[in-house]
2 protein chains.
Amino acid sequence: MSGIRAKKKRETRSAIIEAAIRLFGEKGFEGTSVEDLAREAGVGKGTIYGYFQNKNEIFLAFCEEELEITYGALHEEIDPEARLLDRLVALFMRQFRFVTENREFGRILIREMAFPPETTSGKSRELDASFLEAVAKILLKAQGRGDLKIGLDTFLAPVHFYALYLVALSGWYNGYVENYMEVEMSLRGLFRQALEGMMPPGGEITVLGESA
Amino acid sequence: MSGIRAKKKRETRSAIIEAAIRLFGEKGFEGTSVEDLAREAGVGKGTIYGYFQNKNEIFLAFCEEELEITYGALHEEIDPEARLLDRLVALFMRQFRFVTENREFGRILIREMAFPPETTSGKSRELDASFLEAVAKILLKAQGRGDLKIGLDTFLAPVHFYALYLVALSGWYNGYVENYMEVEMSLRGLFRQALEGMMPPGGEITVLGESA
DNA sequence: CAAAAAACTCGACCGCGGTCGAAATTAACT
DNA sequence: AGTTAATTTCGACCGCGGTCGAGTTTTTTG
């Protein structure tokens, strides 16, 4: 019955995460060995694997600790009077800055979140779900205002912007864009394209291409 | 002067790639150790690192071998009479199928290409550049036909579709979509959204949102 | 051709992430 | 209490990716 066990487990778990916050912050993810973490947390190396499946999961837990604070109130801090495009750019740039604050950190995070291996638990999914919600809120508000079309798919639309954000990140890690100003410009360009569409004025998507 | 050296280098290099094709195909990327590769290629382990910076680069070389054949003629094989949307979907689904044919293969490839570590050479960039070109060709043709607006940014537009493809892949690896039919549906939905835009009929993007 | 310089090869070696079973701790039962 | 069962801890151990420098082979030089 006694909760001694459960309590200790909780304590150990957070001790590991505390250690991760300290050491990842100091020496980075790859610069910190699991043994380092174990020593810092005051447990044996093997013990860590009773709490996390692998090193990446510790990293995700570490991220959660930092991210979930941010996510909830995220969309509220974006000036609600601004134009939709600006709000979206602001939201995503904020996220972008946070994620790339530490280059290595961001790369690992996005890799794990976007293309997780089978072994990773659903943690990553929860993370971007909550972010997508923030986007959805902005879009819904804009829709209420008449700034977005009515039939808009409420699931696909946030995903759409998320996709553009992803590709901007990819550009960052591929060296195509090198500073936040450039990132913001391409993000804005892409978002604008998404909002405006690519069809010619009066064009109809169901029209068959003919002229060969 | 004598090309003995250069020749041998070329031979060794391709011996390694041959070994990679054989072993990665048999036992997968993670199931194949660098020592395995070395043995199969008939060289010492250290030698491999004279030809590739790390194991992932061998993988990229392996991919190139398989991909570049595909890329060049890729867009030509897509029915040029089909509607733009269908052509794009066909092109990207083809790529999608190829990449995810082996799940692990695809994950590593896309991780390395989209979010490469600093140590990776520019190989990954060349790969998606050639793919983006294939997309651009399709778009240009459509533009010539009047199916796309004139002012379309010729760089951003292909990137836009690539982004949607990326997010579809991400959905695949996160388990949101589980078979090719679902992938194709979401891809089509996203592409359609990109083409049509999200604005209400007659809406103007420069309009300020007001109504608070 | 000889000898020095440069380029290349190799496997012992290192540190890491992750495993495993013996030891220790806690819970349950009489 | 004592005894047994269940859980948890731990570090020696394994295989891996990657490094290093001694040794080999090719190229350049005089």
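The analysis underlying the following values was restricted to heavy atoms, covering all of them including side chains, and did not include hydrogens, waters or symmetry mates. In what follows, every chain begins at residue 1, and chains take the letters A, B, ... in the order their sequences are listed.
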Between CZ of A/Arg39 and P of C/dG15 the distance, given in whole Å, is 12 Å
Minimum side-chain heavy-atom gap B/Met113-B/Leu109 below 4.5 Å:
yes
Closest to the 5' end of DNA chain C, once B/Val43 and A/Asn54 are matched to their nearest nucleotides, is B/Val43
Quick note, A/Lys55 side chain, CB onward, closest among C/dT9, D/dG17, C/dG18 is C/dG18
Can a salt bridge be assigned to the pair B/Glu184 and B/Arg188 using a cut-off of 4.0 Å between side-chain N and carboxylate O?
yes
Here the distance between atom P of D/dT8 and atom CD1 of A/Ile48, to the nearest Å, is 16 Å
Open item on the list: Please check: side-chain N/O of A/Arg111 versus main-chain N/O of B/Phe115, any donor-acceptor pairing under 3.5 Å?
Closed with: yes
Rounded to whole Å, the CD-C1' distance (A/Glu11 to D/dT8) equals 15 Å
Look at all strands and tell whether B/Gly46 reaches a base, only sugar-phosphate, or nothing, counting heavy atoms closer than 4.0 Å. base
Rounded to whole Å, the CZ-C1' distance (A/Phe59 to C/dC16) equals 18 Å
Which is true for A/Thr47 with a 4.0 Å heavy-atom rule: it touches a base, it touches only sugar-phosphate, or it touches nothing? base
Can we call the ring centroids of B/Phe191 and B/Phe92 under 6.0 Å apart? yes
Taken to the nearest whole Å, OH/B/Tyr51 to C1'/D/dG18 is 18 Å
Here the distance between atom C1' of C/dC16 and atom CD of A/Glu35, to the nearest Å, is 8 Å
When rounded to whole Å, the CZ to P distance for the pair A/Phe52 and C/dG17 reads 15 Å
B/Leu37 CG to C/dC10 P, in whole Å, measures 14 Å
Can you find a donor-acceptor N/O pair under 3.5 angstrom joining the side chain of B/Lys45 to the base of D/dG18?
yes
